[in-house]
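Computed from a predicted structure; not experimentally measured. Note that these values count all heavy atoms, side chains included, but never hydrogens, waters or copies made by symmetry.
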Amino acid sequence: LPCQLYRVPDVLTWGIMEKNGENVNFNFDNADWEVKNLKAVGRTQLHPFLGYAPEWLKPIDVEFQTKEKFWRDYVRAVVKRYKGQVRYWELFNEPPWHAFQDWGKNGKTVMFSMLKDLAEIAREEDPGAKVVAPGFTDGTDLSHIVEPIIKDGGDRYLDVYNFHDYQSWDLAAALKLRPEFDQKVEEGPAMAHMALLRKYKIDKPLFISECGGNISPATEELQRIKAMQWLRTNFIWLAAGIKGIEQYEFMDYPHEQLPSLFNMMRHSDHFKLPMFTAFREIIKTMTGAEPLVPATTLSQAQARYAIFNREHEQIVALWNCESFPVTLKLGFPKGEVLEIEEKTFNYQGDEFFSMKRFAPPVSDRYEVKLMPYQARLITCLKESVSPIPLKVDYVSGKKKLSASMVKNEQSTAFELTLSNLSDAPIAVKAELNGKTDEISLAPYETSKKTLPLDGAQNLLLRYFDPASNGNVCNEYFLRP
């Protein structure tokens, strides 16, 4: 499901304008890499935001008249460089964002000047360019900033309006999926923005360039509730006429010191599991495939997989978010898998490789190599309807822990197998029905533990690297 609208991380902001003595230049290295690879892997409409000022020009509202030349030079340089590759140009992400000294006094005037400059230069350099309003966040911004700009004639400089609206926060969890939640969305700031446009008879698109939530759901039931709230929010917005919705956590946004990758979400966000759950529900509805586990990250190498069950099929979706090849192995129990059908896709969703083969003996696990940014779909035909206790592991990469769980056919228990694949000790915590077991693994040690089922559906597994001062390195949700 390739996205159609991608909000480019802050690699193209005003901050790329560097000053060395009297010389001013632009550092396009990160932006070139990001734009080139985004265009290579899909037909995405790129949407960068610009207004984060370099430190040497802050605060931008102090003597802006002397700084405006630098702003105009920067806008012309980036639009000219990425003309034909970037369509949407957003003025500013969440102003004032530490860039203004007196936002209340100077904000509207400076924003209006920056908007006018952006529109004039972008349209001069690229007649197909679309100018996007700043991503405002507070409902009071509508009356204090957006409406005054409209009254002052600023609408002629805008092609798209824009807002950030987070409806799936922690307080929304109590509403679950009752009508009160829909009412909360309908009375929210995004809909107020639509009403403002109608008030001034403005027929232009509104983007919600950030939405989602930032609270880590405690249980899988709450994950599903928040996922469905997010989907319902989207449907309400779409029905109201909102044209662009960008899920904030569903991208690699560099608020942390990690390499720039094309992940489906940034590594540190706590809201990733509800987003996976939302897409899982869509897949289930469209295909009849029952999800067996939430989509899982394979250690630190940013390859991911999801497993679905449909009649006599086990369907495994694998995708590589790295810029280098990754090798995975799939393990099956003996006698279950009859045939494997493998399909390979690129990020555009085009199928360019398909093959069928008989499954290998249980002693040989099925090896899959994923090229950079590549996805594969493995369909395993089996004799029985019961789910296969399938195992996915790294062969190459930076993986430190291998975990698998299978049901013991002779008892009401399951066997958890843990292997430390590194040359350093690690600690693993297995949480089941509120009870936590801690297991210490020496370098390259394998440990097996039998745990009672007791009606359990999921095992939450966390492992810790002593070198990280006790921080969680990864989480797994496993089912027997």
Side-chain angles (χ1 to χ4, degrees), residues 3-20 24-58 60 67-99 111 114-136 157-160 162 164 207 209-210 244 246-248 250-263 266 323:
C3 68
Q4 298 179 56
L5 188 63
Y6 188 95
R7 197 164 183 246
V8 178
D10 45 354
V11 295
L12 250 179
T13 67
W14 195 2
I16 68 172
M17 189 181 226
E18 299 175 347
K19 188 174 184 181
N20 185 8
V24 175
N25 52 44
F26 300 95
N27 183 353
F28 288 112
D29 292 348
N30 290 334
D32 283 349
W33 188 92
E34 194 89 22
V35 171
K36 173 187 173 185
N37 284 284
L38 273 170
K39 300 303 289 186
V41 299
R43 305 183 183 93
T44 304
Q45 299 284 355
L46 304 189
H47 171 194
F49 49 86
L50 305 181
Y52 288 177
E55 291 297 324
W56 55 277
L57 286 173
K58 291 181 181 177
I60 58 177
K67 299 171 182 178
E68 189 171 12
K69 176 186 180 301
F70 294 109
W71 167 248
R72 292 181 62 87
D73 289 347
Y74 153 74
V75 170
R76 192 172 299 279
V78 295
V79 175
K80 185 177 291 188
R81 188 179 188 90
Y82 299 107
K83 173 183 176 180
Q85 299 179 82
V86 173
R87 184 181 185 190
Y88 296 101
W89 298 97
E90 181 180 338
L91 174 60
F92 210 110
N93 177 61
E94 297 191 356
W97 201 260
H98 312 301
M111 291 296 295
M114 295 177 71
L115 173 62
K116 181 174 179 291
D117 292 339
L118 171 60
E120 290 176 352
I121 295 170
R123 291 166 179 171
E124 178 185 332
E125 294 290 343
D126 181 6
K130 302 293 183 184
V131 178
V132 182
F136 290 108
Y157 301 123
L158 285 169
D159 301 295
V160 179
N162 186 20
H164 297 173
F207 285 179
S209 60
E210 285 188 24
E246 291 164 291
Q247 213 294 326
Y248 177 51
F250 238 43
M251 59 181 290
D252 176 37
Y253 191 89
H255 278 179
E256 55 197 319
Q257 297 304 311
L258 288 176
S260 183
L261 300 171
F262 290 105
N263 302 344
R266 64 184 193 205
S323 58

Can you find a heavy atom in the side chain of [X] that is under 4.5 Å from one in the side chain of [Y]?
X	Y	value
F28	V78	yes
F207	H47	yes
L46	V35	yes
L57	W71	no
D73	M17	yes
L118	I121	no

Subject >> Separation of N25 CG from K19 NZ (nearest 0.5 Å) >> reply: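 CG of N25 is found 12.0 Å from NZ of K19.
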Original post:
Rounded to the nearest 0.5 Å, what separation is found between the CG atom of N162 and the CZ atom of F49?
Top reply: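 Those atoms lie 11.0 Å apart.
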Subject >> Counterpart residues, side chain to side chain donor-acceptor pair (under 3.5 Å), relative to N27 (two or more places apart) >> reply: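 Here the qualifying residues are E18.
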Original post:
Who passes side chain to side chain donor-acceptor pair (under 3.5 Å) against Y82, sequence neighbours left out?
Top reply: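 Only D32 meet the side chain to side chain donor-acceptor pair (under 3.5 Å) criterion with Y82.
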**OP:** Have a look at Y52 and tell me which of I16, L12, I60, T13 forms a side chain to side chain contact (heavy atoms under 4.5 Å, CB included) with it.
**Re:**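 Output: one option passes, namely T13.
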Subject >> Any donor-acceptor N or O pair under 3.5 Å, side chains H164, S209 >> reply: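 Yes.
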Subject >> For W89, all residues meeting ring pair (Phe, Tyr, Trp, His ring centres under 6.0 Å), sequence neighbours excluded >> reply: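 Per chain and number, W89 pairs via ring pair (Phe, Tyr, Trp, His ring centres under 6.0 Å) with no residue.
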Subject >> By ring pair (Phe, Tyr, Trp, His ring centres under 6.0 Å) - contacts of F136 (at least two apart) >> reply: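 Partners of F136 under the ring pair (Phe, Tyr, Trp, His ring centres under 6.0 Å) test: none.
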Original post:
Taking Y74 for the side chain and W14 for the main chain, is one N or O donor matched with an acceptor at less than 3.5 Å?
Top reply: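 Judged by distance alone, yes, a pair lies under 3.5 Å.
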Original post:
Is any NZ, NE, NH1 or NH2 atom of the basic residue among E120 and K116 found under 4.0 Å from an Asp or Glu carboxylate oxygen of the other?
Top reply: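 So E120 pairs with K116 through a salt bridge.
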Original post:
Is the W56-F70 ring centre distance short of 6.0 angstrom?
Top reply: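 When the ring centroids of W56 and F70 are compared, they turn out to be within the sub-6.0 Å range.
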Subject >> Of all pairs that satisfy salt bridge (Lys or Arg N to Asp or Glu O under 4.0 Å), the ones with a partner from residues 84-95, not counting sequence neighbours >> reply: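 As it turns out, the salt bridge (Lys or Arg N to Asp or Glu O under 4.0 Å) pairs with a partner in residues 84-95, which skip direct neighbours, are R7-E90.
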Name each donor-acceptor pair under 3.5 Å that joins a side chain in residues 123-134 to protein atoms two or more places apart or in another chain, with its distance.
{"from": "R123", "atom 1": "NH1", "to": "R156", "atom 2": "O", "distance (Å)": "2.9"}
{"from": "R123", "atom 1": "NH2", "to": "R156", "atom 2": "O", "distance (Å)": "3.4"}
{"from": "R123", "atom 1": "NH2", "to": "D159", "atom 2": "OD1", "distance (Å)": "3.4"}
{"from": "R123", "atom 1": "NH2", "to": "D159", "atom 2": "OD2", "distance (Å)": "3.4"}
{"from": "E124", "atom 1": "OE2", "to": "R76", "atom 2": "NH1", "distance (Å)": "3.3"}
{"from": "E125", "atom 1": "OE2", "to": "R76", "atom 2": "NH1", "distance (Å)": "2.8"}
{"from": "D126", "atom 1": "OD1", "to": "G128", "atom 2": "N", "distance (Å)": "3.1"}

